[in-house]
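Every chain is numbered from 1 and lettered A, B, ... according to where its sequence line falls, protein lines coming before strand lines.
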2 protein chains.
Amino acid sequence: MAEELDRRAQILDAAFEEFAAKGFKGATIKSIAGTARLQSPALIYWYFPDKEALFREVLSSRIPVVRAVADPTPLLDLPPEELLPRIGRAYFAFEQLDTRTLRLVVGEAVRRPEVAEMFVKSGPGKVLDFLKTYLEHQVELGRLRPHDVRSSARAFMGMLIPQLAGRLFLPTLTEDGLTDEEHLKTSVNVFLSGLRPDS
Amino acid sequence: MAEELDRRAQILDAAFEEFAAKGFKGATIKSIAGTARLQSPALIYWYFPDKEALFREVLSSRIPVVRAVADPTPLLDLPPEELLPRIGRAYFAFEQLDTRTLRLVVGEAVRRPEVAEMFVKSGPGKVLDFLKTYLEHQVELGRLRPHDVRSSARAFMGMLIPQLAGRLFLPTLTEDGLTDEEHLKTSVNVFLSGLRPDS
DNA sequence: TAGCCTCGATTGAACGTTCTGTCAAGAGAG
DNA sequence: CTCTCTTGACAGAACGTTCAATCGAGGCTA
């Protein structure tokens, strides 16, 4: 049709779909070629040396980099009441980290340490590191009581996970109808009440 | 060697190892037969109709049922300071739900809704339901301030997840050396301080 | 006791299919 | 004519699965 412009990108897109839907082993060169509407699967080997390399390229081209904390310095002085919901919403929104990407990454990460590390470093690790720095700073400012920020950073990130996992993979988990925004609000509230200086 | 006693169990064990390590597609009938030290892969078909059925049997025989909340009634009146750490430790201990099982289940659940549902119903769903009931009860007792327990139940479960995920799949996430027990203590502390009646 | 039969369990060989990856030939543009 | 891209056919291996043959233990008959 249209995009004979960039065959490479066309193949990468199709490979992403297939890998996300069926996993590395489940997706086949043939099915990828089919999705990419190629006349022959052989064409894939013109652009990529083998299936493994294609997979790696898909990963590195699709794993999103968390932009919410790209430049953390201006965020450090924001009050937690403002910053935490912001992080949380970026979390839930996942502008680019959609279901398919997460499916792809999580599905492979449980068995491939390199993928796991790539994933952590690209997103959760950064958010976690930022949160540790931020929370530490807030403690110094006296806005939060002293505590182990390694733990509270994990805790805040984690509080939102069941809701997110429910929406993405485990719908049974969120059958009680709680919305993202409601959950975020309550979570931030509990978290901050628990870390108030006077508590 | 020893266990020509129960071939069926022997095959199930091997299949569990293989499926957990390589996934449904990655594990082969031949590799399962090899792990089970069978002379021929054909023997598997004497005990199971096909690979899919073998996989289902492995799942239902290995997915653990959470026992910590098996009979919730006597737990309802325990004070949160006592019950939450208990839940948390059961969480971290995972007497039967070891890394391999979680690898197996999570790896497949992201792409197979039936597996996802089976997983949720067997464990996280039960814990979540229990927590909702328990927290509601504690609110009624006046030990916790009124709030949306759907959200706090998720939040408490979630707080522990990054630590657990770090230990199991994403070691990069827990490189800062925080121990399970430290994290549990801080998390419970923050959670309960945040939900104290007078806050 | 000896010979035969039965039956669940096991085996190696083979089936058809599907997989990744290769290759030589060709199309199209400059 | 040359170079980049595309093609269908194909090789070789691995896949899940089937099958006929075989094994050994136990029962039946003489």
Side-chain angles (χ1 to χ4, degrees), chain A residues 1-62 103-104 107-108 111-112 114-115, chain B residues 1-62 103-104 107-108 111-112 114-115:
Chain A
M1 299 282 197
E3 48 257 285
E4 279 146 10
L5 300 168
D6 198 347
R7 267 281 143 82
R8 208 186 141 80
Q10 183 184 354
I11 292 171
L12 276 173
D13 284 351
F16 168 65
E17 291 301 336
E18 287 292 309
F19 283 138
K22 307 175 188 169
F24 177 75
K25 284 278 179 183
T28 70
I29 292 289
K30 206 165 146 189
S31 73
I32 293 171
T35 303
R37 283 192 227 93
L38 305 183
Q39 209 102 17
S40 161
L43 186 52
I44 291 176
Y45 290 94
W46 176 258
Y47 294 93
F48 304 92
D50 56 23
K51 190 186 177 185
E52 182 67 33
L54 173 57
F55 178 71
R56 276 198 303 269
E57 284 246 10
V58 167
L59 262 195
S60 54
S61 73
R62 289 289 181 153
R103 218 182 281 275
L104 169 67
E108 302 297 328
R111 276 182 267 274
R112 304 187 25 164
E114 349 97 51
V115 178
Chain B
M1 301 278 197
E3 49 257 283
E4 279 146 10
L5 298 168
D6 198 347
R7 266 283 144 82
R8 208 185 140 80
Q10 184 184 353
I11 293 171
L12 276 173
D13 284 351
F16 168 64
E17 292 297 340
E18 286 292 308
F19 284 138
K22 307 176 187 170
F24 177 75
K25 286 276 181 185
T28 70
I29 291 290
K30 204 165 145 190
S31 73
I32 294 171
T35 302
R37 284 193 224 92
L38 305 183
Q39 207 107 16
S40 161
L43 186 53
I44 291 177
Y45 290 90
W46 177 259
Y47 295 92
F48 304 92
D50 55 24
K51 190 186 178 187
E52 181 68 33
L54 174 57
F55 178 71
R56 276 199 302 270
E57 283 245 12
V58 167
L59 263 195
S60 55
S61 72
R62 290 287 181 154
R103 217 182 283 275
L104 168 66
E108 300 299 326
R111 278 183 263 276
R112 303 183 31 160
E114 350 97 49
V115 178

* Kindly point out which of D:dC15, C:dG21, C:dC19 is positioned nearest to the side chain of B:K30? => D:dC15
* Asked: Atom CD of A:E52 to atom C1' of C:dC19: distance rounded to whole Å?
  -> 15 Å
* Structure fact -> Among the nucleotides D:dG16, C:dC19, D:dT7, whichever has the atom closest to the side chain of B:K51 is D:dG16
* Asked: Could you give the CG-to-C1' distance, from B:D6 to C:dG8, as a whole number of Å?
  -> 14 Å
* Asked: Separation of A:I44 atom CD1 from D:dC5 atom P, in whole Å?
  -> 16 Å
* **Any A:Q39 side-chain nitrogen or oxygen under 4.0 Å from OP1 or OP2 of D:dT6** => no
* To do: Please state how far atom CZ in A:R37 lies from atom C1' in D:dT6, giving the value in whole angstrom units.
  => 17 Å
* Structure fact -> A:K25 atom NZ is separated from D:dA14 atom P, nearest whole Å, by 11 Å
* Asked: To the nearest Å, how far apart are A:L43 CG and C:dT20 C1'?
  -> 16 Å
* Asked: Would one find a side-chain N or O of A:W46 under 4.0 angstrom from OP1 or OP2 of D:dC5?
  -> yes
* Interatomic distance where CG belongs to A:L38 and P belongs to D:dG8 [whole Å] -> 11 Å
* Asked: Hey, does the side chain of B:K25 reach the backbone of A:A27 with a donor-acceptor pair shorter than 3.5 angstrom?
  -> no
* To do: Taking only the side-chain nitrogens and oxygens of B:R7, find out if one of them lies under 4.0 Å from OP1 or OP2 of C:dA9.
  => no
* To do: Just compare C:dT11, D:dT7, C:dG21 and give me whichever is closest to any side-chain atom of A:Y45.
  => C:dG21
* With heavy atoms under 4.0 Å as the rule, sort A:T28 into base, sugar-phosphate or nothing. => sugar-phosphate
* **Donor-acceptor under 3.5 Å (B:E108 side chain, B:F24 main chain)** => yes
* Asked: Using a cut-off of 4.0 Å on non-hydrogen atoms, how would the nucleic acid contact of A:A27 be classed: base, sugar-phosphate, or nothing?
  -> sugar-phosphate
* To do: Would you indicate which nucleotide in C:dT11, C:dT22, D:dC5 comes nearest to any side-chain atom of A:Y47?
  => D:dC5
* To do: Answer yes or no: is there a donor N or O on one side and an acceptor on the other, between the side chain of A:E18 and the main chain of A:I32, under 3.5 Å?
  => no
* Distance under 6.0 Å and angle within 45° of ring axis: B:R8 vs B:Y47 -> no
* Asked: What is the distance, rounded to the nearest whole Å, between atom CD1 of A:I29 and atom P of C:dG21?
  -> 6 Å
* **Under-4.0 Å salt bridge between B:D13 and B:R62** => yes
* To do: Have a look at A:F48 and say if it touches a base, only the backbone sugar-phosphate, or nothing, with a 4.0 Å heavy-atom cut-off.
  => nothing
* In terms of side-chain heavy atoms of B:A42, which of D:dT4, C:dG12, D:dA9 is nearest? -> C:dG12
